[in-house]
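The block underneath contains the structure these notes are about, expressed in structure tokens.
Computed from a predicted structure; not experimentally measured. Here is the naming used below: chain letters follow the sequence lines, and residue numbers restart at 1 for every chain.
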Amino acid sequence: MPELPEVETVVRGLRDCILNREIEKIESHYPTTVTNHTKIKSLPSLGRILSIDRRGKYIVINTDAGFVILVHLRMTGKLVFDGLCSITGTHVRATFHLKGNNKLCFDDTRTFGKIKIFRQGDSIPDIEKLGVEPLSYLLTSEYLKEKWGNRNAPVKSLMLQQEVIAGLGNIYACEILYRSGVSPLTPGKKLSQKVLDKIVVQTREVMQEAISMNGTSVSDFRRVDEKTGEFQNFLRVYQKKECPKGHTLRIVRIAGRSTYFCPVCQR
DNA sequence: ATTGCTTCCTGAGCGC
DNA sequence: TGCGCTCAGGAAGCAA
């Protein structure tokens, strides 16, 4: 399940292999995967890739022909470059045809992933509504106090709201709360400034560690060369039976997701 | 406004 | 072997 560290890993991989390449066309093999949000009915060549960035869980590609290509991997989406490995995916939903006879394949078993094409300068609501980046100076305990201070919802579900913090998903929310010693069921308004500080610090730490390990591959996540990440070897609670101290973990459903936590270490 | 449930979708894993 | 069931979950949409 690609979250911020996985998307960052893909972005870095893409920069190494397709920056400055020209996209001749994006071919869609599934009806809802690629959508055109420009007023241009028949898209020309999309131009040369000027930049590849990440915002939250979105990949943002800018081209010199004035296009912005947004990619969201959702749960099972993968971007795989045929110059680094042979494409083995059996669920290729879209193909970026690059000048010079290379392909970037968007493989997505469950079809929830999206590729959206915009014009530079046009409003992109998907990006504009996102909250702060976990690794930016804007994520502070004061900010979280302002956003969560009068919320009754459990902190775990608040952490998943992309309009507040952009990029966290189920796995990292569980890991951050374990490292912070906070129960995922705690209502937002019950979190003290001191505890919010801990969450901020642990959020940064977990994101940085996971990026340095090329993300987490628990099932589908792969890099652009189809290699796995390594952070799954350092998870402390997600899909575990016991926490590192040997306490039996509990699993509850919060916001429709399996939430792993230690009733002893997390209060 | 806030909260939580349903939907989209496929494959893995399980019990029988 | 094969069937039917449950589960995995990001985010939009909807209902209370």
Side-chain angles (χ1 to χ4, degrees), chain A residues 1-10 28-35 37 54-60 70-79 88-94 105-116 123-131 133-134 144 146-177 184-191 207 210 215-222 228-229 231-232 235 237-241 249-261:
Chain A
M1 294 122 250
E3 306 177 30
L4 186 155
E6 290 73 40
V7 178
E8 182 65 29
T9 300
V10 170
S28 185
H29 316 295
Y30 188 84
T32 57
T33 301
V34 182
T35 48
H37 298 258
R54 180 192 58 72
R55 181 74 175 93
K57 299 176 196 171
Y58 287 91
I59 298 165
V60 185
L70 220 58
V71 182
H72 198 302
L73 305 172
R74 291 288 190 103
M75 273 111 63
T76 56
K78 290 180 270 285
L79 281 172
T88 56
T90 48
H91 301 286
V92 176
R93 308 302 184 188
C105 292
F106 182 67
D107 186 285
D108 183 24
T109 308
R110 275 182 262 183
T111 73
F112 292 174
K114 295 282 176 279
I115 298 172
K116 297 184 176 185
S123 156
I124 304 179
D126 312 57
I127 297 294
E128 285 158 12
K129 68 186 179 193
L130 292 176
E133 282 290 323
L144 292 182
E146 181 206 321
K147 294 291 183 183
W148 295 351
N150 48 14
R151 302 290 300 271
N152 265 317
V155 60
K156 165 75 184 309
S157 66
L158 297 174
M159 289 173 81
L160 299 177
Q161 292 176 1
Q162 305 299 302
E163 319 80 72
V164 179
I165 307 175
L168 301 184
N170 194 43
I171 298 174
Y172 294 112
C174 290
E175 294 297 315
I176 291 163
L177 287 170
L185 297 159
T186 315
K189 61 161 67 165
K190 295 266 173 80
L191 300 165
M207 292 296 102
T216 302
S217 296
V218 283
S219 54
D220 298 283
F221 173 66
R222 293 296 182 274
T228 63
F231 194 71
Q232 64 278 10
L235 296 174
V237 287
Y238 183 75
Q239 288 186 344
K240 303 287 177 197
K241 292 255 189 295
L249 296 180
R250 277 190 60 198
I251 308 174
V252 290
R253 276 193 94 73
I254 300 176
R257 329 270 156 82
S258 297
T259 304
Y260 293 74
F261 76 104

Quick one: does NZ or CZ of A/Arg93 land under 6.0 Å from the six-membered ring centre of A/Phe106, within 45 degrees of the ring axis? no
C/dG10 P sits how many Å from A/Leu158 CG, rounded? 15 Å
Can you tell me if A/His91 touches the phosphate of B/dG11, counting only side-chain N or O atoms and a distance under 4.0 Å to OP1 or OP2? yes
In whole angstroms, how far is the P atom of B/dT3 from the NZ atom of A/Lys189? 8 Å
Rounded to whole Å, the NZ-P distance (A/Lys78 to B/dG11) equals 11 Å
Starting at atom CE of A/Met75, determine the distance to atom C1' of C/dC7, rounded to an integer number of angstrom. 11 Å
Quick one: is C/dA8 close enough that its OP1 or OP2 comes under 4.0 Å of any side-chain N or O from A/Arg253? yes
Gap between atom CG of A/Leu168 and atom CD of A/Glu175 - 0.5 Å precision: 12.0 Å
Rounded to the nearest angstrom, tell me the gap between atom CG in A/Leu4 and atom P in C/dG10. 13 Å
Rounding to a whole Å, what distance do you find between A/Ile171:CD1 and C/dG9:P? 7 Å
A/Lys78 and A/Asp108: salt bridge (Lys or Arg N to Asp or Glu O under 4.0 Å), yes or no, with the steps? CA-CA 6 Å; A/Lys78 290 180 270 285; A/Asp108 183 24; over 6 Å; no
Not counting sequence neighbours, list each pair that qualifies as a side-chain hydrogen bond (donor to acceptor under 3.5 Å, both in side chains) and has a residue in residues 153-163 of chain A. A/Lys156-A/Asn170, A/Lys156-A/Thr259
Closer than 4.0 Å, any side-chain N/O of A/Arg151 to the OP1 or OP2 of B/dT3? yes
Using whole Å, report how far CD of A/Glu6 lies from C1' of C/dG10. 13 Å
If you look at every strand shown and take non-hydrogen atoms under 4.0 Å, does A/Ser258 touch a base, only sugar-phosphate, or nothing? sugar-phosphate
With rounding to the nearest 0.5 Å, note down the distance linking SG in A/Cys174 to OH in A/Tyr260. 8.0 Å
Working note: A/Arg54 + A/Glu133, criterion salt bridge (Lys or Arg N to Asp or Glu O under 4.0 Å); need CA distance, chi angles, decisive distance, verdict. CA-CA 10 Å; A/Arg54 180 192 58 72; A/Glu133 282 290 323; 2.8 Å; yes
A/Lys156 NZ to C/dG10 P: how many Å, rounded? 9 Å
Can you tell me how far apart NZ (A/Lys114) and OH (A/Tyr58) are? Round to the nearest 0.5 Å. 10.5 Å
Counting neighbours of NZ on A/Lys240 that are heavy atoms of other residues, nucleotides or ligands and sit closer than 6.0 Å, is the number greater than 12? yes
For the residue pair A/Thr216 / A/Tyr172, report whether a side-chain donor-acceptor contact shorter than 3.5 Å exists. yes
Taking five pairs at each terminus, the helix from B/dT2-C/dA16 to B/dC16-C/dG2 shows an axis bend, to 10°, of 50°
Candidates C/dG10, B/dG11, B/dT3 - which lies nearest the side chain of A/Ala153: B/dT3
Base contacts versus sugar-phosphate-only contacts with protein, heavy atoms under 4.0 Å: please encode nucleotides 11-16 of chain C as B, S and - from 5' to 3'. BS----
